[in-house]
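These values consider heavy atoms only, across backbone and side chains, with no hydrogens, waters or symmetry-generated copies.
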Amino acid sequence: MSHPRVIYEDNHLLVVDKPNNWLVQGDDTGDETLTDWATDYVRRKYEKPGKVFCHPCHRLDRPVGGLVVFARTSKAADRMMKLFQDQEVKKTYLAEVKDAPDEPEGTLVHWLEKDEQRNTVNAYDKQKGKSKRAELSYRMLASFGHKSLLEIRPKTGRSHQIRVQMRKLGTPIKGDLKYGYPSPNEDKSISLHCYQLSFIHPVKKEPISFTSRPNWPEFRDFIK
């Protein structure tokens, strides 16, 4: 199993490249989490005694890899959470998907409703019950045979949003059995990766941007 690596750090933020199949925060499995790892990293590197503040500002699903931002102070945490809530963090994902979309680029808007018991999300074309609006844009970067590489930019940040919207598009994400892909990836990951994050630093007020490239051999030449 691969290990996390630090992409960026200062007194306020820690940006970590999350491997597939790591939890960001704990669940009932009791498995080690990325938050545990990041907290221990800060404690050891800076020889901090006692409790260390290291708070994830957003989450990635367990089988998804890529960039995760942690706040190292409560002030940075509050400000980063607001940036995410106000959609002021520019998020770009890459996905290997089944087949190819009918249109090479477009915008998807659906209404999502989570089934808490099954831990799945349903997507509707119109608002239904307590469903919440979800929007993303995509464009196809490459296509070979029965697989394509998509660049995806979610505007909202709903649970399982990209996964269920890709199924609705007719292009489920490689390895994602929960949302319509016919076979698993060997390591139980799914081929969805948080590739780039850009935002204004919550304390320094300077624009910053980070990139994490997935190791997908078929599409390596198309990932900058």
key: Any residue meeting salt bridge (Lys or Arg N to Asp or Glu O under 4.0 Å) with Asp102, in chain and number order, not counting sequence neighbours   = none
Using a 3.5 Å cut-off and no angle test, enumerate the donor-acceptor pairs between side-chain atoms of residues 92-100 and protein atoms at least two apart in sequence or in another chain.
from  : atom 1 : to     : atom 2 : distance (Å)
Thr92 : OG1    : Arg153 : NE     : 3.3
Glu96 : OE1    : Ser191 : OG     : 3.4
Asp99 : OD1    : His146 : ND1    : 3.4

request  = Please tell me if the side chains of Ile173 and Ile162 come closer than 4.5 Å, counting only heavy atoms from C-beta onward.
outcome  = yes
ask   = Run the side-chain contact (heavy atoms from CB on, under 4.5 Å) check on Trp111 and Lys128 step by step: do they pass?
value = CA-CA 7 Å; Trp111 296 85; Lys128 179 179 177 181; over 6 Å; no
ask   = OG1/Thr120 to CZ/Arg163 distance, rounded to the nearest 0.5 angstrom?
value = 10.0 Å
note = The reported gap from CD in Gln165 to CZ in Arg158 (rounded to nearest 0.5 angstrom) is 10.5 Å
ask   = Does Ile223 belong to the same Ile/Leu/Val/Met/Phe/Trp/Tyr cluster as Leu150, with side-chain heavy atoms less than 4.5 Å apart forming each link?
value = no
Common cluster, Leu141/Ile152, ILVMFWY with side-chain heavy-atom separation under 4.5 Å = no
ask   = Who pairs with Pro184 by side chain to side chain contact (heavy atoms under 4.5 Å, CB included), at least two apart in sequence or on another chain?
value = Leu177
Donor-acceptor contacts, no H, no angles, side chain residues 42-57, under 3.5 Å, sequence neighbours left out:
from  : atom 1 : to    : atom 2 : distance (Å)
Arg44 : NE     : Asp40 : OD2    : 2.8
Lys45 : NZ     : Glu9  : OE2    : 3.0
Lys45 : NZ     : Tyr41 : OH     : 3.4
Tyr46 : OH     : Glu9  : OE1    : 2.5

message = Set out, in order, the CA-CA distance, both residues' side-chain angles and the distance that settles salt bridge (Lys or Arg N to Asp or Glu O under 4.0 Å) for Arg62 and Asp31, then state yes or no.
response = CA-CA 11 Å; Arg62 183 169 191 159; Asp31 292 344; 2.6 Å; yes
request  = Tell me, please, which residues at least two apart from Lys204 pass salt bridge (Lys or Arg N to Asp or Glu O under 4.0 Å).
outcome  = Asp10
query = What residues form a salt bridge (Lys or Arg N to Asp or Glu O under 4.0 Å) with Lys168, not counting sequence neighbours?
reply = Asp125
task = Go through Ser189 and Asn21 one step at a time and tell me if the side chain to side chain donor-acceptor pair (under 3.5 Å) criterion holds.
result = CA-CA 6 Å; Ser189 70; Asn21 299 320; 5.1 Å; no
key: Side-chain touch Pro4/Pro19, heavy atoms, less than 4.5 angstrom   = yes
request  = Indicate yes or no for a side-chain donor-acceptor contact from Thr39 to the backbone of Thr35 under 3.5 Å, with no hydrogens or angles considered.
outcome  = yes
task = Give the other cluster members for Val121, using side-chain heavy-atom distances under 4.5 Å between Ile, Leu, Val, Met, Phe, Trp and Tyr residues; answer none if it is isolated.
result = Leu112, Val164, Tyr179
key: Minimum side-chain heavy-atom gap Thr33-Gln25 below 4.5 Å   = no
remark   = Tracing side-chain contacts under 4.5 Å among Ile, Leu, Val, Met, Phe, Trp and Tyr outward from Phe199 reaches Ile7, Tyr8, Leu13, Val15, Leu67, Val69, Met80, Leu83, Phe84, Val89, Leu197, Ile208, Phe210
remark   = The complete set of side-chain hydrogen bond (donor to acceptor under 3.5 Å, both in side chains) pairs with one or both residues in residues 64-85, sequence neighbours excluded, reads Lys82-Asp86
query = So, Lys18 side chain and Val64 main chain: donor-acceptor pair closer than 3.5 Å or not?
reply = yes
inquiry  = Show, in sequence, the C-alpha distance, side-chain angles and deciding distance for His160 and Asn119, and conclude whether the side-chain contact (heavy atoms from CB on, under 4.5 Å) test is met.
reply    = CA-CA 9 Å; His160 294 194; Asn119 191 31; 4.0 Å; yes
note = Here the gap from Met166 atom CE to Thr171 atom OG1, rounded to the nearest 0.5 Å, amounts to 5.0 Å
Check: Ser2 main-chain N/O paired with Trp22 side-chain donor or acceptor under 3.5 Å = yes
task = With sequence neighbours excluded, give me every side-chain hydrogen bond (donor to acceptor under 3.5 Å, both in side chains) pair touching residues 132-145.
result = Arg133-Glu135, Arg139-Glu151, Ser143-Ser148
inquiry  = Quick check for you: to the nearest 0.5 Å, what is the distance between Leu23 atom CG and Leu60 atom CG?
reply    = 11.5 Å
request  = Identify, with sequence neighbours excluded, every residue that meets salt bridge (Lys or Arg N to Asp or Glu O under 4.0 Å) alongside Lys188.
outcome  = none
query = What is the distance from atom NZ of Lys90 to atom CD1 of Ile200, rounded to the nearest 0.5 Å?
reply = 12.0 Å
message = For the NZ atom on Lys126, are there more than 12 heavy atoms of other groups (residues, nucleotides or ligands in this structure) within a distance under 6.0 Å?
response = no
request  = Show the numbers, then the answer: is there a side-chain contact (heavy atoms from CB on, under 4.5 Å) between Ile190 and Lys178?
outcome  = CA-CA 10 Å; Ile190 65 173; Lys178 185 173 283 191; over 6 Å; no
task = Go through the structure and list residues passing side chain to side chain donor-acceptor pair (under 3.5 Å) with Lys147, not counting sequence neighbours.
result = Glu218
message = How long is the straight-line distance from CG of Asn20 back to CG of Leu192, given to the nearest 0.5 Å?
response = 9.0 Å
message = Is there a path of hydrophobic side-chain contacts, each under 4.5 Å between heavy atoms of I/L/V/M/F/W/Y residues, joining Tyr195 to Leu136?
response = no
task = Find out whether Tyr124 and Glu113 are in side-chain contact, i.e. whether some heavy atom of one side chain is under 4.5 Å from a heavy atom of the other.
result = yes
ask   = Between the side chains of Thr156 and Gln161, does any donor sit under 3.5 Å from an acceptor?
value = yes
